[in-house]
Amino acid sequence: MSKPYTLSPEQIARLKSHSRREKLHRTISYFSPLLLLLLWEICSQTGLIDRRFFPAPSSIAGTAWQMTASLEIFDHIWATLRRVAVGYVLGAVPGILLGLILGLSAPIRRVLGPIFSALYPVPKIAILPLILLIFGVGDASKYVVIAIGVFFLMFYNTLGGVMQIPQIYLDVARNAGGSRFQTFRYIALPSAMPNIFTGLKLAAGSSYIIIAAAEFLGARSGVGFMIWASWQTFAVSRMFVGIVVISAMGYFTILLLEALERKFVPWAKH
Amino acid sequence: MSKPYTLSPEQIARLKSHSRREKLHRTISYFSPLLLLLLWEICSQTGLIDRRFFPAPSSIAGTAWQMTASLEIFDHIWATLRRVAVGYVLGAVPGILLGLILGLSAPIRRVLGPIFSALYPVPKIAILPLILLIFGVGDASKYVVIAIGVFFLMFYNTLGGVMQIPQIYLDVARNAGGSRFQTFRYIALPSAMPNIFTGLKLAAGSSYIIIAAAEFLGARSGVGFMIWASWQTFAVSRMFVGIVVISAMGYFTILLLEALERKFVPWAKH
Amino acid sequence: QAEDKPQIEFLYSPFADYAPFFIAKDLGYFDEFGLDVSLAPKSGTAETIQMLASGNSLAGAATWGAGLFNSIHQGATVTIVATLARMPDTVPSPSPFMVSEKAWQDGIRKVEDLKGKRVGIPGPGGFGLYSVAKALEKGGLTLDDVEAIYLPPPATAAAFANGGLEAGWSIEPFALQLEKEGLGRRLVEDHTFGTELGFLAFNNEFAQENEDVVVRFIAAFLKGARLLDNGGWNDEKILDIVAQYTGTPKDTLKGISYTIRSEDGSIDLDSVREQEEFFRAQGSLEYEGPIDIDTVYRTDLLEKANALLAKQ
Amino acid sequence: MIVHSDEISRDVSVPAEAAPAIEVRDLVKAFYDVSGDRITLAAANVNFTVKRGEFVCIVGPSGCGKTTVLRILAGLEQPFSGEFRLHTSAQPAMVFQEASVLPWLTVAQNVAFPLKLKGVAAKEQRARVAELLELTGLTDFADARPHQLSGGMKQRVSVARALVDDRDILLMDEPFGALDEQTRLVLQQELLRIWERTGKTVVFITHSVDEALTLADRVLVMSPRPGTIVADLPVPFERPRDVVEMRRDKRFWDLTYEVWRLLAVSPEH
Amino acid sequence: MIVHSDEISRDVSVPAEAAPAIEVRDLVKAFYDVSGDRITLAAANVNFTVKRGEFVCIVGPSGCGKTTVLRILAGLEQPFSGEFRLHTSAQPAMVFQEASVLPWLTVAQNVAFPLKLKGVAAKEQRARVAELLELTGLTDFADARPHQLSGGMKQRVSVARALVDDRDILLMDEPFGALDEQTRLVLQQELLRIWERTGKTVVFITHSVDEALTLADRVLVMSPRPGTIVADLPVPFERPRDVVEMRRDKRFWDLTYEVWRLLAVSPEH
Ligand SMILES: Nc1ncnc2c1ncn2[C@@H]1O[C@H](COP(=O)(O)OP(=O)(O)OP(=O)(O)O)[C@@H](O)[C@H]1O
Ligand SMILES: Nc1ncnc2c1ncn2[C@@H]1O[C@H](COP(=O)(O)OP(=O)(O)OP(=O)(O)O)[C@@H](O)[C@H]1O
Ligand SMILES: [Mg+2]
Ligand SMILES: [Mg+2]
């Protein structure tokens with residue numbers, strides 16, 4: 001056999017078809033949450049759940065359309081999105097940094113670790129008035145509330161990731177003459193990346209949950225406010241439009257993070 | 001050198017002293033949250049923070065003592081603890097199991113993954129009425145609220161852990177003739193253990209945050225109710241006793257989990 | 001014998017307005033009338049109505065507001081049988097409209113001065129909003145003349161302290177604490193004289209099929225209410241009970257004005273109609289024309305309860 | 001033109017004596033990496049047969065596809081085309097090339113792992129594990145954790161684990177690569193002893209021609225990537241083989257030279 | 001009685017020609033495991049000196065402490081007692097025994113890693129990396145990720161990385177263990193070429209006595225655990241050495257025999 005074996009074009013196509021199918025399956029899977037709407041529709045139509053309180057998706061579609069046509073919904077979405085984005089960044093950046101620092105330095109971990117563990121379970125709802133006292137009743141206090149929630153998720157997930165870094169990678173950096181900061185940047189950060197993304201996804205979901213609660217306070221806009229105000233006045237259809245919208249916002253944020261994860265953590269399974 | 005080299009008793013003592021010192025340092029570090037109280041005391045004493053809203057720890061100590069002496073506080077602690085414990089277990093077990101299952105099975109992950117991602121950001125306030133309708137107004141609905149919060153933290157952390165399992169471990173199990181369940185039990189579970197513990201710690205902290213919110217109005221016992229009632233009457237000292245107590249409960253739960261982690265994940269760095 | 005007693009889970013909120021139920025429960029009035037009642041705390045009108053209408057709970061008390069009107073319109077099958085509480089026609093009011101100390105120092109001394117200022121309201125669609133609108137009316141202002149900010153009382157304290165609010169709704173015992181701490185002052189107190197606050201309601205089916213039970217329940221409630229409204233507030237034993245259910249220390253409860261109710265437990269429908277009109281004007285109602293209150297409000301049961309109580 | 005079937009079949013049945021234990025026909029394996037859009041042809045048209053009870057060594061340049069072939073035989077990888085049959089009642093036992101010790105188990109638990117999965121009684125497990133720890137010189141480290149082991153010790157744990165449940169077919173991917181010659185010699189002799197006693201079928205990847213000639217009935221030589229079998233050389237020495245004696249035999253050097261020549265035909269650089 | 005100092009000192013200075021590059025005196029390393037309350041004495045009273053520009057091989061039984069000694073020299077582990085000095089301006093470069101390729105970097109990025117940390121210009125990095133990929137036969141896989149490599153390819157990446165930034169002292173822990181003899185030969189020759197040209201000091205752990213005699217100026221033989229240096233054997237062959245010629249020399253077999261004898265003195269089993 002003097003000529004090396006090569007694959008024919010058909011074989012190459014067959015080889016690639018697998019990953020193309022994978023991609024298709026993934027795309028289809030993004031729509032699986034629609035099953036939930038279907039289930040809800042069925043439960044509501046068959047009277048399994050009380051339609052006065054849980055109107056079928058088809059019946060809230062009208063309200064949704066109205067709110068969309070009047071562009072009202074977009075103001076709420078925009079307000080919520082802005083708050084979530086600012087709070088998310090404010091919480092995630094220090095969370096990741098402190099997770100990396102405490103993960104790499106045992107002495108700092110010894111001192112600060114228990115302090116964070118003690119601060120974490122402080123009930124947010126109880127300190128809310130105190131946050132209002134410091135940051136005012138405007139958006140700043142909402143950013144802070146979200147940032148606090150995001151911070152701890154990022155902190156613990158990053159820390160957990162750093163603590164799992166195989167010693168050999170740290171040794172490699174050290175042997176390559178890496179400074180503390182370089183070890184941080186080029187070893188700890190990428191190595192903890194899968195855990196950081198777990199944290200980012202959890203934090204994304206949590207942000208929307210928190211903002212939904214935080215917009216009950218001192219806000220006149222936002223999807224959370226809309227849900228709460230609708231519930232207070234028993235405008236059930238409007239409330240459910242809000243719930244679906246905020247859940248969808250959270251869902252798309254998580255999808256976006258998963259796409260980023262595939263891009264930035266190409267060495268991991270997905 | 002015919003006789004092999006051995007360590008003298010002094011050398012052995014010196015060798016062991018390092019880990020003994022480590023242990024001591026860890027024990028001391030458990031008290032570092034007291035620094036927070038000190039900082040608070042100073043800020044309050046110097047008038048850096050408004051004492052009407054942040055009375056100094058020394059000044060709430062009296063209230064704390066009263067509530068302890070009258071045993072009143074213990075009823076609240078017990079009520080909260082019971083709710084947290086039940087809700088925690090109800091959420092953690094399915095969270096870990098589904099995390100393992102979705103992590104190991106790509107088809108199931110494709111279908112259910114996006115559904116969980118869509119359910120996760122649903123604001124809890126929105127589904128509270130549904131929970132009340134199904135589980136009643138008693139403690140059962142509080143268990144469920146905590147369980148939902150715990151579930152997602154455990155699910156995503158376990159899933160993230162399973163996705164990081166080095167392929168070689170799965171190969172070892174397969175080659176050893178492991179069934180699906182055995183791979184699950186003997187590879188995925190221990191391998192994801194560090195991430196599971198990250199999840200357990202996050203979930204512990206979150207449970208106390210959630211129960212504080214759940215007890216705010218819908219209870220007549222529990223530390224969360226006590227905090228709420230104190231707020232309603234601007235009984236700031238009582239309120240801070242409640243906040244400190246519930247935070248301490250969370251802190252000790254996290255410490256307990258860390259001790260368990262050291263015991264059950266002896267192969268990891270701590 | 002105790003097993004034969006009808007069991008009722010009653011939904012309440014941990015506020016002093018619900019005190020008659022606490023008394024009826026702890027002083028054994030429910031038992032006296034042959035009922036086995038358990039009290040379940042609930043956060044708001046919307047939940048309570050939903051629980052009642054769906055039959056998941058049999059009885060509860062809640063407050064008037066857009067939520068209630070809308071839910072009745074949507075077919076919430078509840079039977080309203082008696083008042084929960086109403087505002088007294090005297091000052092000091094249990095729910096004064098307050099101005100922050102800061103604003104007071106800055107020269108805001110009258111309602112008129114609040115034009116364009118930030119005013120705290122506990123939430124849309126409820127008594128708080130109505131009450132604030134009434135207070136503003138005293139100075140010739142409407143809600144549109146101020147910047148309404150939704151904040152519950154504890155957060156109001158913080159907002160008063162840091163200048164986030166110039167004025168706002170408040171309620172006892174919080175109002176007194178605000179004064180004590182030098183955070184706020186009472187600005188208007190006579191704006192909601194006689195306003196109906198809330199009602200006692202049952203699940204429809206249950207009320208139809210167990211009229212007797214409902215009557216006995218109301219009787220026990222009325223007995224508690226009368227005890228309370230006729231000087232009961234000064235009784236240590238009663239204060240103990242209220243303190244326990246509301247989580248408010250007894251010392252705080254003492255000497256504070258509270259909501260009252262009509263002797264016979266009847267609802268002042270005019271006040272209810274006025275609130276409905278107010279919320280319609282606010283655009284909070286999802287229907288046209290006045291709601292048919294009479295279809296859900298049954299006075300016959302209340303009459304029987306009064307008779308039963310008189311017989312006792 | 002090479003004819004190959006796309007169907008992959010795997011027979012599990014116990015054949016008659018001297019029947020083939022492993023048959024590999026026209027096996028092709030290619031990896032496709034989406035993100036880099038790169039195709040790596042790891043093995044091309046691999047053909048060989050291993051008889052029941054035979055000891056076969058595979059040698060070949062780094063990256064030629066040896067591990068890939070072994071993984072396919074172990075059912076851990078799907079072939080792209082071609083077919084292979086294993087005539088055995090149980091899955092083959094594999095010694096992996098990479099570190100494959102489970103970090104959360106002690107040395108003894110790692111060795112016992114296949115027995116545990118099979119539900120063997122604890123007492124029996126202990127006895128069998130003790131035997132294999134003794135064999136691999138790890139008795140002192142029975143309760144140590146993998147991170148406390150040296151590279152060679154980890155490799156010995158993998159070997160012990162593969163031998164513990166006594167399967168028909170043994171697939172060994174450079175099992176003695178990280179061992180000093182002394183320890184390697186001992187384990188080679190032990191492996192041969194076990195093989196002779198139990199009649200196992202062994203496929204053994206090595207980079208050492210010496211090792212291949214010491215152990216194997218036949219040596220399969222693979223070409224550089226995409227790897228294919230370029231020679232199938234029977235080893236003519238009687239057993240038991242004397243390592244020192246063998247080196248005095250001209251055939252030993254002829255064979256060594258032959259393998260070297262084949263490997264040098266088209267080196268990667 | 002053995003006298004040892006507890007102070008650990010490390011000099012960083014460039015010495016005169018033929019001065020010692022590495023001095024190790026009375027080095028002891030012990031590991032203590034709290035959870036199992038077990039002490040492992042990994043190295044006991046290790047003494048040796050490596051002269052500047054010398055090529056020294058260490059051989060010894062599995063688990064005797066070779067890796068431990070090398071890790072101490074690299075500053076990755078603290079000695080328990082004894083002292084060592086490195087006379088060098090830069091940290092020694094290390095090829096690790098375990099897989100040490102960073103999974104989140106491509107092959108080229110892995111090789112470039114030390115240059116990147118030093119802030120070398122991108123263009124210079126590329127040129128240098130291309131050179132080393134060529135040397136190790138990985139040019140085709142420059143953009144591949146570690147999980148797409150075979151065992152031997154990963155090892156070659158580690159070797160390339162250790163050579164990329166041209167440091168004075170090279171510590172190599174079984175660097176060619178997973179390579180076929182052909183590739184190993186090529187890399188051995190390349191390593192010798194680089195060593196001769198640059199005058200690096202090399203400490204090289206190997207299990208192959210052949211490899212040690214092919215490469216080293218001196219062979220240090222370690223005893224079983226707790227490891228200590230039991231012999232320091234100069235290798236008398238002229239350079240450049242002819243692998244085949246060397247084997248015809250009686251001294252080669254005498255030395256081989258001597259090493260084997262020393263290793264066999266008190267084997268682990
Ligand atoms: N998962 C994978 N994805 C992509 N390519 C792979 C994968 N596994 C192996 N390869 C490629 O397949 C080829 C053969 O790899 P294999 O591990 O079988 O080599 P090998 O003969 O065992 O080499 P070595 O002696 O170095 O271990 C290599 O070029 C490698 O890059
Ligand atoms: N981190 C550690 N904790 C405890 N014991 C260790 C640790 N690292 C190494 N040892 C022990 O020290 C001894 C020497 O290990 P080392 O890795 O230096 O051996 P080695 O000579 O390199 O062996 P090999 O040739 O198998 O790689 C071994 O008995 C090992 O169990
Ligand atoms: Mg291989
Ligand atoms: Mg080693």
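We use all heavy atoms of the structure for the numbers below, so side chains are in, but hydrogens, waters and symmetry mates are not. The chains referred to below are lettered A, B, ... by the order of the sequence lines, with proteins before strands, and numbering in each begins at 1.
In this structure, chain D has a heavy atom under 4.5 Å from the side chain of T40(E), while its backbone stays farther away. Looking at E174(D), only its side chain comes within 4.5 Å of chain E, counting heavy atoms on both sides. For a residue to count as touching a neighbouring chain, one of its non-hydrogen atoms must lie under 4.5 Å from one of that chain's; by this rule Q155(E) does not touch chain D. Contacts of A99(D) with chain E are absent, with no heavy-atom separation under 4.5 Å from either backbone or side chain. The parts of A144(E) that come within reach of chain D are both its backbone and its side chain, each placing non-hydrogen atoms under 4.5 angstrom from that chain. Of the two parts of L149(E), neither the backbone nor the side chain holds a non-hydrogen atom closer than 4.5 Å to a non-hydrogen atom of chain D.
With contacts defined as side-chain heavy-atom distances shorter than 4.5 Å, the pair D140(E)/R225(D) qualifies.
Closest approach of A178(E) and Q97(D) over heavy atoms only: CB-NE2, 4.4 Å. Of all non-hydrogen atoms in S62(E) and S150(D), the two that sit nearest each other are OG-OG, 3.9 Å.
Here L179(E) is the residue among T139(E), V59(E), L179(E) with the most heavy-atom pairs under 4.5 Å with chain D. Between chain E and the options R145(D), R184(D), E98(D), Q148(D), the largest number of non-hydrogen pairs under 4.5 Å is found for Q148(D). Of the listed residues (A42(D), G151(D), G36(D)), the greatest number of heavy-atom pairs within a distance under 4.5 Å of chain E belongs to G151(D). Note on K66(D), R38(D), K154(D): by heavy-atom pairs under 4.5 Å with chain E, the leading option is R38(D).
Heavy-atom neighbours of chain E within the stretch residues 204-212 of chain D, taken at a separation under 4.5 angstrom, comprise H207(D), S208(D), V209(D).
Interatomic distance, L263(D) CG to L185(E) CG, rounded to the nearest 0.5 Å: 11.5 Å.
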